[in-house]
Amino acid sequence: MKIFLKTLLLFAALSQNLISQNQNLTNLAVFEGEPYLAINPTNPKNMVVAWMGYVFGNGSGLTIKVKNTFNGGLSWSSSLNLPHIKSTYKSADVNMAFDLTGKLHLNYIDYRESPDSGGVYYCNSVNGGTSFSAPVKVIDAYADGSKRPLDRPWMSVNSSGTRIFITTKPAPWIPAPNRAYLTSSSDDGATWSNYRYIDTTNFLIGPSIAAPMAFPSYAGNTLRIMYPSFVPSQNLLPAFYLASSTNNGGTFNYTTMLALNTSAAANDSAKSAYQLITNPSNTLNCVAIMNVGISSTDLDVYMIESTNGGTTWGAPVRINNDAMNNGKMQDLVWGTFDQSGNLAITWRDRRNAPGVGYARASEIYGAYRPSGSSAFQPNFKISDALETYGNVLSQNGNDFMSAVLHNDTLHAVWGSTRDGSLDIWYSKLKAGSGTTGITKLLASESFVLDTYPNPVTDQLSISLTNKSSIKSIQLTTLEGKEVYFEKLNANKTIISLKFFNSGVYILNVKDEQGNLHSKKIIR
């Protein structure tokens, strides 16, 4: 019974959360988390990264930010902020997909809690992420009465982009029992179907899972959706089910993917997740990735695989190759196939940190399996440093990383606290080699904005290392309330904070090109 209870607790946590030199894409002061990466198949040098981050000065709050590159990651655009549907809303949970025509599809939630309002929204870009269409509502916060089906949408699109599928689940403040949802568009995102529940009789999610995340994958004219369940009359153990449809979600066939018999302890902070991906070179080859403790007491990265479209599944395979039962927790998992069937899996790894548990320094690791091979090559590092743990990592957000494999090159983005705040970092390397490829540190806000001292007791010196003129200075509280503003035209300035209350402030400096540079200031 003790092992069973641990399994159920771990499963509940898993369902709740769900991943060289590197480039710092954001480096803002408070929170920049949950990045998603997409590569344009018609121009692989065109990549887009989207994430949720704070915007200060013009309506404080979490906003979806987007950057793109057209030279393979050597340089990135300034960030574009996607619009809020209402000024009182905040955004989260962005994900994207290019179709084979080069159109970029993006969805996110824009909402307000208490009173609940908003929903899941969709937009697209036909110019590589430089601009986006107006958002269209996919599902409303009140579509299912009191259940609020607007949390953690995941999207999958067909090759032409005309058919789009989005799964979602109730908001995290909604108590169980809950179910997962599916909605779709057959006209390139212009209109969306009414939602339907993904689970069904004999394959129900059950009343014990508060946040039943469903993960879709569409390939070879088949929609497959992975979702969790715990109903003892269906399966004595907590399980994952697979719903498969060949008629665009009209009807589904159901199979059991995995029953979780594990003694690993649950951890409320661990960013546990699962993902379903399909091999584009062989659409009967499906892979599910998760971090659980199947063969040890640790949270490790495991993969289960089907070679017959999900009808049957193989035994779990442990991906991280550090010592078993060493107390080193792995999380933030992600997997990616390329068009040739090569497979890469990435995660956050603590094997080289002192101590055990979640609140430890970490690195980003990967594993690579070439197409046609049955075995993974040795694990390799993706990040270039042992990244200091920050308390923000135990809070909501930073629940996943994202990676895309293109030919033998792996591109990855993740949230890191190596600089004292949660920032988005990017890496590009030859998959499986253990050595870096073309990687450079991207010039970012904090490297441009120079302040001294920090913390400050009286006078704060401000300058821009790129020699641009300072056009305006704004200081706000963490809540976005402006407490200081000055227009000027100078390369350097000094302001007095002597009479300011002690606390944390956000310094926003606009340069002569109109770029905004932000930094956390401690008084």
Would the number of heavy atoms belonging to other residues, nucleotides or ligands and lying under 6.0 Å from CG of Asn194 be above 12? no
Does Tyr274 form a ring pair (Phe, Tyr, Trp, His ring centres under 6.0 Å) with Phe215? I'd like the steps, not just the answer. CA-CA 8 Å; Tyr274 45 90; Phe215 206 106; 7.6 Å; no
What's the separation between atom NE2 in His105 and atom OH in Tyr122, rounded to the nearest 0.5 Å? 4.5 Å
Tyr197 and Tyr181 aromatic centres sub-6.0 Å: yes
With side chains defined as the heavy atoms from C-beta onward, is the minimum distance between Lys103 and Phe98 less than 4.5 Å? no
What closest approach, in Å, do Tyr121 and Ile85 show between heavy atoms, and which atom pair accounts for it? CZ-CG1, 3.4 Å
Do Asp188 side-chain atoms and Thr162 backbone N/O form a donor-acceptor pair below 3.5 Å? no
Decide yes or no on side chain to side chain contact (heavy atoms under 4.5 Å, CB included) for Met96 and Val48, but give the supporting numbers first. CA-CA 9 Å; Met96 302 179 293; Val48 181; 3.8 Å; yes
Checking Asp338 side chain against Asn342 main chain: does a donor-acceptor pair fall under 3.5 Å? yes
Applying side chain to side chain contact (heavy atoms under 4.5 Å, CB included), run through Trp414 and Ser427 and close with a yes or a no. CA-CA 9 Å; Trp414 68 95; Ser427 178; 3.8 Å; yes
With under 30° as parallel and over 60° as perpendicular, where do the rings of Tyr241 and Tyr227 fit, or are they tilted in between? perpendicular
Please confirm whether the backbone N or O of Leu258 pairs with a side-chain atom of Thr256, one donor and one acceptor, at under 3.5 Å? no
With a 4.0 Å cut-off on N to O distance, would you call Asp331 and Arg350 a salt bridge? yes
Starting from the C-alpha separation in whole Å, work towards a yes-or-no answer on side chain to side chain contact (heavy atoms under 4.5 Å, CB included) for Asp298 and Asn326. CA-CA 7 Å; Asp298 303 330; Asn326 61 1; 3.2 Å; yes
Test ring pair (Phe, Tyr, Trp, His ring centres under 6.0 Å) applied to Tyr111 and Tyr89, step by step: CA-CA 5 Å; Tyr111 71 102; Tyr89 286 4; 7.8 Å; no
Asn95 side, atom CG; Glu34 side, atom CD - distance, nearest 0.5 Å: 10.5 Å
Check: Asn320 side chain, Asp322 main-chain N or O, donor-acceptor pair, under 3.5 Å: no
Could you tell me whether the side chain of Ser185 and the main chain of Thr191 form a donor-acceptor pair under 3.5 Å? yes
Check for a donor-acceptor pair, side chain of Asp151 on one end and backbone N or O of Thr168 on the other, with a separation under 3.5 Å. no
Tell me, with the steps shown, if Thr167 and Ile225 meet side chain to side chain contact (heavy atoms under 4.5 Å, CB included). CA-CA 9 Å; Thr167 59; Ile225 302 174; 4.1 Å; yes
Specify the closest pair of heavy atoms between Trp347 and Ala367, including all atoms of both residues, with the distance to one decimal. CZ3-N, 3.7 Å
What I want to find out is whether Glu387 reaches Arg360 closely enough, with some N-O distance under 4.0 Å, to be called a salt bridge. no
Relative to each other, are the rings of Trp154 and Tyr36 parallel, tilted or perpendicular (30° and 60° limits)? tilted
Residues Asp110 and Lys86 bridged, charged N to O under 4.0 Å: no
Establish, yes or no, whether the cationic atom of Arg224 lies under 6.0 Å from the six-membered ring centre of Tyr218 and within 45° of the ring axis. no
Rounded to the nearest 0.5 Å, how far does CG of Leu405 lie from CG of Leu343? 8.0 Å
Without swapping roles, check the side chain of Ser402 against the backbone of Leu37 for a donor-acceptor pair under 3.5 Å. yes
NZ or CZ of Arg369 within 45° of Phe376 ring axis and under 6.0 Å: yes
To the nearest 0.5 Å, what is the distance between CG (Leu100) and OG (Ser160)? 8.5 Å
Nearest-0.5 Å distance, CD of residue Glu305 to CD1 of residue Ile277: 9.0 Å
Determine whether a donor-acceptor pair (N or O, by modelled atom type, separation under 3.5 Å) exists between the side chain of Asn285 and the backbone of Asn279. no
Run Tyr365 and Asn321 through side-chain hydrogen bond (donor to acceptor under 3.5 Å, both in side chains) and show every step you take. CA-CA 11 Å; Tyr365 263 70; Asn321 61 5; over 6 Å; no
Show the numbers, then the answer: is there a side-chain hydrogen bond (donor to acceptor under 3.5 Å, both in side chains) between Ser340 and Ser371? CA-CA 7 Å; Ser340 300; Ser371 179; over 6 Å; no
In Å and rounded to the nearest 0.5 Å, what is the OG to CG distance from Ser244 to Leu223? 8.0 Å
Of the options Arg348, Lys381, Lys328, which is the one that meets Glu363 in a salt bridge (charged side-chain N to carboxylate O under 4.0 Å, His left out)? Lys381
Other residues, nucleotides, ligands: >12 heavy atoms within 6.0 Å of Asn81 CG: yes
Any sub-3.5 Å donor-acceptor pair from Asp144's side-chain atoms to Arg148's backbone N or O? no
Evaluate side-chain hydrogen bond (donor to acceptor under 3.5 Å, both in side chains) for Asn407 paired with Thr409, printing each intermediate quantity in order. CA-CA 6 Å; Asn407 295 335; Thr409 300; over 6 Å; no
Without hydrogens or angle criteria, can the side chains of His84 and Ser91 be said to hold a donor-acceptor pair below 3.5 Å? yes
